[in-house]
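As structure tokens, the structure follows; a few thoughts come after it.
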Amino acid sequence: MRLALLLGSLTLAFLLAVWTTQVPRPRPLDAPVAAFSAARAMTDIEQIARAPHPVGSAEHARVRAYLSDRMTQLGLSPEEQSGPLSPGSIRRLKEEGGDPQAANNQAINLIGVLPGKDRSQPAVMLMAHYDTVVGSPGAADDSTGVGAVLEAVRAIKARGPIERDLVVLLTDAEELGLDGARIFFGGHPLRDRIGSVVNLEARGGGGRAAMFETGREAGPTVDLFRRAAMRADGGTTATSLAVFMYEQMPNGTDFTVPKDRGVGGLNFAFIGRPAQYHAADSTPENLDQGALQHLGSQALEAADALLRAPALPAKGPNTVYADVFGRLMLSHSAAMGWGLLGLTALLGGFAAWRARRATGLTAAQVGRGLLDGLWFLSAGLVLAQAVRLLAGPMSSRAASSETYYVLLHRLPWMEAGAVLTILALALLFLTGARRSRPRVIAGTVAVLTLLTLLIGGFSPVMLGAGVIAAALSLWPVKATTTTWGAWLGLIALVFLLGCVVQGAAPEAALLFVWPALLAAVVAALAALISPGLTRPVGLIPAAVAGVLGGAWLMGLGHFVFLGVGMDLPGALALIGLLALLFLRPLSPPVSAVRPVLIGAAACLILACGLSLAARFAEPAPAATETQS
């Protein structure tokens, strides 16, 4: 029964996660006039992305003329704004094979205005960039954004008069160094009238579009977006965790410029199909039109809500929020995280009290469960990194652009390898078999840690994870654990991590707080139904939570891996730890340990095979691999 519930929960969670990460169906040309239509937007994208159009090229001039005509047709009365390219942008354009002299070292923005009823109010801006890198037609980056902006303007006009002005800014030289945005916000007469910005971007060729960045002190803006986003086709993908993570990265988009000036707003992008990023095959034919529909529909609803609001959202405390399967968006104040943690402690304490009365649960057993969870997390970091290295060298875009793009092609292979690696480790963890060979496990962890440090480069995180995993593999060697002790120990570990993150970065704490609370609720229910966890019915809440909570975590893990998995695949170890909050009481019985271990070994072998296969499926020039 336990094994059936475990495998059934994992399977259903995976299928639900796959379903929730799908893009909506693109709307056709004859879609309602007030709706966003990917097919209508594609008529512009097909013209914009006919060929690469970097700054200074003949195609760049053609695209600018085409966009000026389209903006005129939409009643935006477009104007051009010129400004100098930065020295860094000139140098980069030369290095990539472009010709700065052909552009007179200038970037040229296109600016249009759709007047609102009260022109004295702060305006809303829709922004995207129309230039591309040398060698890529840029159907996704950012012809999709430009086409979506034009289609959104058409739909907004069809919905009737707006309260305030809509400013459309199609920037130039974003790919070189955000020059177009800096030129506009550095001196254009309209810059001080902009009250909120909706920016559209892409990194890849498809997938669900996420609202991944906001202005600072954006709580009221997020509240407005939360209400508007549910009207978008396919709902929304948004979480304050993504905003926090992006803040820690060195990346930037055009939205960075107004954000640094204190302007609020929302930034949208899709990052699936990573092989198409800045690639020659980023053509209209290869573009995921469902991704276009999702991006444009969210941008339309967000901009429309801002344009028709009685007043633009003021600055206010950041909130904690996340979508649930794209169909519902939950949010609460940052301070409420402490209340949720308190509720988690109460429910966990109740479950522990019931379990102690029924099974004689001790604090030592819970402590061993906590240490087991810490072992899983640290060992997962090491093992995922080791398997990842089979796919190619570690790289960052700044260090080696050639290697970066090669590895983007391999990213789906890396993700499959990382998922199977964490699944294999989870199956080993659930059987408890690691305790029967402590020296072998500790030695394996030590060797893998050494290899990752030698091949992948020194990392204090990896070194620390390896030391912790090796030490915990050996201690306590002979200690036994119980189902309740193992389960409540995991909940206690995530609870403690949640307290730390809640104190340091409450916007990101939901990753720990929400799963821990759900697990504590499930544990309390199980303790009421079957305090000894001997009746199968007592495991049903855990199985249901495994499906729902596991699917939510898998979907979140997919986007996390697309963002950071190239260099930190062990991020999925944390996702795996959180999923184990629900799956731990479903550990297989002794009679099923052997087949489960065989399954774990098969997953790990397949993971290694997929990572190695990436090198052959997506080969790189020998010089690129060597330089890395």
Side-chain angles (χ1 to χ4, degrees), residues 26-50 53 59-81 108-116 123-132 137-160 162 165-172 174 180-181 184 197-202 209 232-233 254 266-270 284 287-289 291-304 306-307:
R27 292 205 185 212
L29 286 170
D30 60 354
V33 294
F36 184 93
S37 162
R40 287 193 287 252
M42 282 301 300
T43 61
D44 288 319
I45 293 170
E46 288 166 356
Q47 292 298 316
I48 300 167
R50 283 192 336 201
H53 41 280
E59 275 295 304
H60 184 257
R62 181 195 67 81
V63 168
R64 184 169 65 254
Y66 173 83
L67 292 174
S68 182
D69 288 343
R70 286 289 291 119
M71 292 172 74
T72 300
Q73 294 169 17
L74 289 168
L76 295 173
S77 304
E79 63 166 291
E80 294 185 355
Q81 179 200 22
I108 304 175
N109 294 328
L110 289 171
I111 304 157
V113 179
L114 182 66
V124 175
M125 172 177 281
L126 271 170
M127 179 166 62
H129 69 89
Y130 72 92
D131 65 305
T132 68
D141 182 16
D142 193 23
S143 300
T144 289
V146 173
V149 165
L150 298 177
E151 168 63 4
V153 171
R154 185 210 56 76
I156 288 168
K157 289 185 65 177
R159 295 182 179 189
I162 50 181
D165 287 358
L166 170 62
V167 176
V168 173
L169 173 61
L170 304 182
T171 66
D172 196 8
E174 189 273 350
F184 177 88
V197 176
V198 176
N199 186 60
L200 283 72
E201 259 290 359
D233 296 318
D254 278 337
L266 305 163
N267 203 359
F268 296 87
F270 52 79
L287 181 65
D288 180 358
Q289 293 191 30
L292 166 62
Q293 183 68 42
H294 196 222
L295 177 77
S297 183
Q298 288 185 85
L300 166 61
E301 298 303 338
D304 191 71
L306 289 165
L307 287 164

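On a predicted model such as this, the values are computed, not experimentally measured, just so you know.
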Student check: side-chain heavy atoms of Leu150 and Leu67 closer than 4.5 Å: yes

Straight-line distance of Thr144 OG1 to Leu287 CG, nearest 0.5 Å: 4.0 Å

Residues Asp141, His129; criterion side chain to side chain contact (heavy atoms under 4.5 Å, CB included); working and verdict: CA-CA 8 Å; Asp141 182 16; His129 69 89; 2.9 Å; yes

Worked verdict on Asp172 versus Phe184 for side chain to side chain contact (heavy atoms under 4.5 Å, CB included): CA-CA 10 Å; Asp172 196 8; Phe184 177 88; over 6 Å; no

Nearest-0.5 Å distance, CE of residue Met127 to CG of residue Leu169: 6.0 Å

Gln298 side chain reached by Leu266 side chain, heavy atoms, under 4.5 Å: no

Close side-chain approach of Val168 to Leu114, heavy-atom, < 4.5 Å: no

Minimum heavy-atom distance between Ala139 and Pro284, given as atom pair plus value: CB-N, 3.5 Å

Residue pair Asp288 / Phe270, side-chain heavy-atom distance below 4.5 Å: no

Over all atoms of both residues, closest heavy-atom pair of Leu110 and Ser68: CD1-N, 4.1 Å

Asp44 vs Tyr66 side-chain heavy atoms within contact, under 4.5 Å: yes

Check: Tyr130 main-chain N/O paired with His53 side-chain donor or acceptor under 3.5 Å: yes

Leu126 side, atom CG; Leu200 side, atom CG - distance, nearest 0.5 Å: 7.0 Å

Nearest-0.5 Å distance, CG of residue Leu306 to CD1 of residue Ile162: 11.0 Å

Exam field: side chain Glu151 to backbone Ser37, donor-acceptor pair closer than 3.5 Å: yes

Residues forming a side-chain hydrogen bond (donor to acceptor under 3.5 Å, both in side chains) with Gln81, sequence neighbours excluded: Asn109

Check: His60 main-chain N/O paired with Asp131 side-chain donor or acceptor under 3.5 Å: no

Main-chain N/O of Gly138 paired with Ser143 side-chain donor or acceptor, under 3.5 Å: yes

Heavy-atom closest pair, residues Gly296 and Ala148: CA-CB, 4.0 Å

Listed partners of Ala155 passing side-chain contact (heavy atoms from CB on, under 4.5 Å), at least two apart: Leu300

side-chain hydrogen bond (donor to acceptor under 3.5 Å, both in side chains) partners of Asp142, counting only residues at least two apart: none

Spacing of CD belonging to Gln47 relative to CG belonging to Asp69, to within rounding of 0.5 Å: 11.0 Å

Closest heavy-atom pair and its distance - Ile156, Ala303: CD1-CB, 4.3 Å

Over all atoms of both residues, closest heavy-atom pair of Phe268 and Ala299: CE1-CA, 4.4 Å

Closest approach of Thr132 to Pro137 (non-hydrogen atoms, all atoms of both residues): CG2-O, 3.6 Å

Name each donor-acceptor pair under 3.5 Å that joins a side chain in residues 26-35 to protein atoms two or more places apart or in another chain, with its distance.
unit_1 : atom_1 : unit_2 : atom_2 : d
Arg27  : NE     : Asp233 : OD2    : 3.1
Arg27  : NH2    : Asp233 : OD1    : 3.0

Under 3.5 Å: donor-acceptor pair, side chain of Thr43, backbone of Arg40: yes

Distance, nearest 0.5 Å, that separates CD1 of Ile108 from CZ of Arg64: 3.5 Å

Results of side-chain hydrogen bond (donor to acceptor under 3.5 Å, both in side chains) for Glu59 - residues two or more places apart only: Arg62

Residues which pass ring pair (Phe, Tyr, Trp, His ring centres under 6.0 Å) with Phe36, listed by chain and number, not counting sequence neighbours: none

Gln293 side chain vs Ala38 backbone, donor-acceptor pair below 3.5 Å: yes

